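Structure record follows, encoded as structure tokens.
Only a predicted model underlies this, so the values are computations on that prediction, with no experimental measurement involved. Each residue takes its place number in the sequence, starting with 1.
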Amino acid sequence: MVSEKVSHSTNGVVNVINLIEGAEAIVESPTEAFPAFVVHYAETFIVPASVGDFTIRPYGESEGKTCATIKAYIRTEQLLTLNLK
């Protein structure tokens, strides 16, 4: 749960994220890899692996309040282990 900007990285794999608390949040790229976009409660969005670093912060009516996300991605260390067998 966050009430301010939080940095994320795709670490070279696709990220699937859902806003699970808070009315809205904004997703931004510090390198302008994509235009900023707003997500609303219960919306799911995909961040391509090629994006690299990005941030998520409360936005609009959620500014100064708490937001939370849940992120799904493939753990690359598991892929390496599976490929060795």
**Asked** What pairs with F45 under ring-ring contact (aromatic ring centres under 6.0 Å, His included), at least two apart in sequence or on another chain?
**Response** F37
Could you pull out the closest heavy-atom pair between [X] and [Y], with the gap in Å?
X   : Y   : result
N18 : E43 : ND2-O, 3.2 Å
V2  : P58 : O-CG, 4.0 Å
E24 : C67 : O-SG, 3.7 Å
V51 : A33 : O-CB, 4.3 Å
V39 : L19 : O-CD2, 3.8 Å
V27 : F34 : O-CE1, 3.7 Å

Distance check, rounded to the nearest 0.5 Å: [X] atom [atom1] versus [Y] atom [atom2]?
X   : Y   : atom1 : atom2 : value
K5  : I56 : NZ    : CD1   : 12.0 Å
T10 : I46 : OG1   : CD1   : 13.5 Å
E28 : H8  : CD    : NE2   : 11.5 Å

**Message:** If you count heavy atoms of other groups shown closer than 6.0 angstrom to CD1 of I20, is the number above 12?
**Reply:** yes
**Message:** Around atom CZ of F54, are there more than 12 heavy atoms from other residues, nucleotides or ligands closer than 6.0 Å?
**Reply:** yes
**Prompt:** Is there a donor-acceptor pair under 3.5 Å between the side chain of D53 and the backbone N or O of S9?
**Reply:** no
**Request:** Under the side chain to side chain contact (heavy atoms under 4.5 Å, CB included) rule, what do N11 and Y73 come out as? Steps first, then yes or no, please.
**Result:** CA-CA 10 Å; N11 293 316; Y73 60 94; over 6 Å; no
**Prompt:** Mind checking what makes side chain to side chain contact (heavy atoms under 4.5 Å, CB included) contact with A49, not counting sequence neighbours?
**Reply:** none
